[in-house]
2 protein chains.
Amino acid sequence: MPESQELKEHGLKATFPRVKILEILESSSVHHLSAEDVYKRLIANEFEIGLATVYRVLTQFEAAGLVIRHHFDEGHSVFELATDKHHDHMVCVRCGKVAEFHDDQIEARQRQIAANLGFELTDHNLNLYGLCARCQAR
Amino acid sequence: MPESQELKEHGLKATFPRVKILEILESSSVHHLSAEDVYKRLIANEFEIGLATVYRVLTQFEAAGLVIRHHFDEGHSVFELATDKHHDHMVCVRCGKVAEFHDDQIEARQRQIAANLGFELTDHNLNLYGLCARCQAR
DNA sequence: CCCTTAATGAAGATTATTTTCACAGTCGTC
DNA sequence: GACGACTGTGAAAATAATCTTCATTAAGGG
């Protein structure tokens with residue numbers, strides 16, 4: 001499925017910058033990229049683009065439900081392609097590596113806690129921080 | 001116990017700005033304040049201070065273990081006095097009300113997950129979002 | 001009190017992100 | 001396939017949060 005079609009299905013014109021950015025997101029082995037990361041990869045791929053456009057497009061992708069924006073404790077946002085399944089994140093505070101996980105027990109407990117507090121749970125955000133195996137070994 | 005003594009016990013000189021900022025944090029009914037919030041309260045209390053000093057002092061307080069800095073998905077940091085007990089937050093997406101909670105089962109699960117992923121867990125951040133009882137009734 | 005050293009304030013520097021605005025590109029229409 | 005309306009883009013300037021620089025001032029020990 002070409003990116004251009006995917007964009008149109010989400011109500012976005014298939015412009016060159018948008019297609020390229022989507023390609024970068026889909027082809028990256030690292031699932032969480034900052035706007036700057038995306039920008040640098042585009043430039044490295046000989047694609048001329050402005051950083052402002054990257055920010056703009058990523059924000060549009062988020063609004064369109066194509067990507068999810070995360071605010072890790074790093075001072076900047078990171079984006080990942082929206083997948084069907086929810087997951088939480090474990091971030092290496094040294095190299096920035098991100099591992100994804102999902103835990104039904106925690107999810108259930110969260111619902112229970114929200115109910116106990118009288119809240120109607122609509123969303124949650126769980127991030128674990130620590131040193132990844134490689135960084136521990138250093 | 002006067003604030004000046006509390007500061008000294010944490011290895012910080014008891015300067016006027018630091019004492020005043022600590023007073024603001026201790027007297028506020030709202031537990032989570034941004035640097036800007038603290039600054040505005042100081043000014044409102046007729047205490048002349050520079051915003052840079054507020055940032056500097058809050059960062060020192062964090063390093064000294066006097067306060068904890070949270071990175072909520074709002075674009076700025078918020079600080080709260082460090083208490084003896086760790087807790088997570090449940091935030092009302094409509095009125096901003098914050099409820100604090102702690103759950104040993106979730107904490108244990110987090111440690112387990114981090115270990116499974118090969119990470120050394122150093123910190124975590126769990127925020128639940130939803131509608132508080134009052135806002136649901138609207 | 002005085003002196004050494006650390007702390008503060010004001011302004012400028014940084015970093016991340018957004019907005020402005022003139023110009024170029026997309027896409028439905030003919 | 002060309003036309004035109006309207007949207008999208010790039011460059012640069014604007015914002016927002018936070019930090020750093022540097023000259024001045026204030027803590028606290030002696």
Side-chain angles (χ1 to χ4, degrees), chain A residues 2-24 32-43 45-64 66-79 91 96, chain B residues 2-24 32-43 45-64 66-79:
Chain A
E3 284 78 8
S4 59
Q5 195 178 323
E6 199 170 346
L7 287 169
K8 287 176 184 167
E9 286 170 4
H10 283 268
L12 295 171
K13 269 198 212 172
T15 65
F16 236 78
R18 299 214 263 238
V19 169
K20 285 293 182 184
I21 289 174
L22 190 49
E23 276 178 17
I24 290 292
H32 301 78
L33 298 174
S34 66
E36 188 78 30
D37 290 336
V38 171
Y39 175 69
K40 284 194 287 210
R41 286 172 191 231
L42 288 166
I43 296 300
N45 277 39
E46 332 264 70
F47 184 69
E48 279 304 316
I49 194 172
L51 182 53
T53 300
V54 175
Y55 274 106
R56 196 160 25 205
V57 169
L58 287 173
T59 300
Q60 292 163 343
F61 281 9
E62 183 192 13
L66 265 168
V67 305
I68 293 175
R69 179 197 301 251
H70 295 287
H71 300 85
F72 295 148
D73 292 4
E74 312 170 308
H76 58 249
S77 301
V78 294
F79 301 82
V91 185
Chain B
E3 283 78 8
S4 59
Q5 195 178 321
E6 198 170 346
L7 286 168
K8 286 176 185 168
E9 285 170 5
H10 283 268
L12 296 170
K13 267 198 212 171
T15 65
F16 237 81
R18 297 214 263 239
V19 170
K20 284 293 182 185
I21 289 174
L22 190 49
E23 277 178 14
I24 290 293
H32 301 78
L33 298 174
S34 67
E36 190 75 32
D37 289 335
V38 172
Y39 175 70
K40 283 194 286 210
R41 285 172 192 229
L42 287 166
I43 296 300
N45 279 37
E46 332 267 67
F47 184 68
E48 278 305 315
I49 193 172
L51 183 51
T53 301
V54 175
Y55 274 106
R56 196 160 27 204
V57 169
L58 286 173
T59 300
Q60 292 162 344
F61 281 8
E62 184 191 13
L66 265 167
V67 306
I68 292 176
R69 179 196 302 252
H70 295 286
H71 300 86
F72 290 127
D73 296 3
E74 314 169 307
H76 58 248
S77 302
V78 294
F79 301 82

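Numbered from 1 within each chain, the chains take letters A, B, ... in sequence-line order. What you see is a predicted model, and the numbers here were worked out from it, not measured in a lab.
Here the P atom of nucleotide D:dT9 and the NZ atom of A:Lys20 are 14 Å apart, to the nearest Å. Put simply, CZ on A:Arg56 is 14 Å from C1' on D:dA13, counting in whole angstrom units. When rounded to the nearest whole Å, the span between NZ of B:Lys40 and C1' of D:dA16 equals 13 Å. Atom pair A:Leu51:CG and D:dG8:P shows a separation of 19 Å (rounding to whole Å applied). Look at OH on B:Tyr39: it is 15 Å from C1' on D:dA16, rounded to the nearest Å. Following rounding to the nearest Å, B:His76 (NE2) and D:dT15 (C1') show an atom-to-atom distance of 15 Å. For the pair A:Arg18 CZ and C:dT26 P, the interatomic distance rounds to 11 Å; values are reported in whole Å. Residue B:Ile49 contributes atom CD1, which lies 14 Å from atom P of D:dA26 at whole-angstrom precision.
Candidate nucleotides D:dG10, D:dT18, C:dA16 were compared by shortest atom distance to the side chain of A:Tyr55, and C:dA16 ranks first. Comparing D:dG28, D:dG10, C:dT18 by their closest approach to the side chain of B:Ala14 singles out D:dG28. Checked against D:dG8, D:dC19, D:dA11, the side chain of A:Ala52 finds its nearest nucleotide in D:dA11. Among D:dT9, C:dT8, C:dT26, the nucleotide with an atom closest to any side-chain atom of B:Thr53 is C:dT8. Ranking D:dT21, C:dT5, C:dT26 by closeness to the A:Lys13 side chain, first place goes to C:dT26. In the set D:dT9, D:dT20, D:dA27, the nucleotide with an atom closest to the side chain of B:Phe16 is D:dA27.
For B:Val78 and B:Leu12, each mapped to the nucleotide of DNA chain D holding its nearest heavy atom, the one lying further toward the 5' end belongs to B:Val78. Of the two residues contacting DNA chain D, namely A:Gly11 and B:Phe79, the nearest-nucleotide position lying further toward the 5' end is that of A:Gly11.
Among the atoms of the strands shown, none is found under 4.0 Å from any heavy atom of A:Glu36.
Phosphate contact (OP1/OP2 of D:dT18, side-chain N/O of B:Ser77, threshold under 4.0 Å): present. Between D:dT9 and A:Thr15, a contact under 4.0 Å exists linking OP1 or OP2 to a side-chain N or O.
Summarising the geometry, atom OG belonging to A:Ser4 is positioned 9.5 Å from atom CD belonging to A:Glu23; distances are rounded to the nearest 0.5 Å. Of the inter-residue distances, the one linking B:Asn45 atom CG with B:Arg41 atom CZ reads 9.5 Å to the nearest 0.5 angstrom.
Using a 30° and 60° split on the angle between ring planes, B:Phe47 and B:Phe16 fall in the parallel class, below 30°.
For the pair A:Lys13 and A:Arg18, the minimum side-chain heavy-atom distance is below 4.5 Å. Within the 4.5 Å cutoff, the side chain of A:Leu7 has heavy atoms near those of the A:Leu66 side chain.
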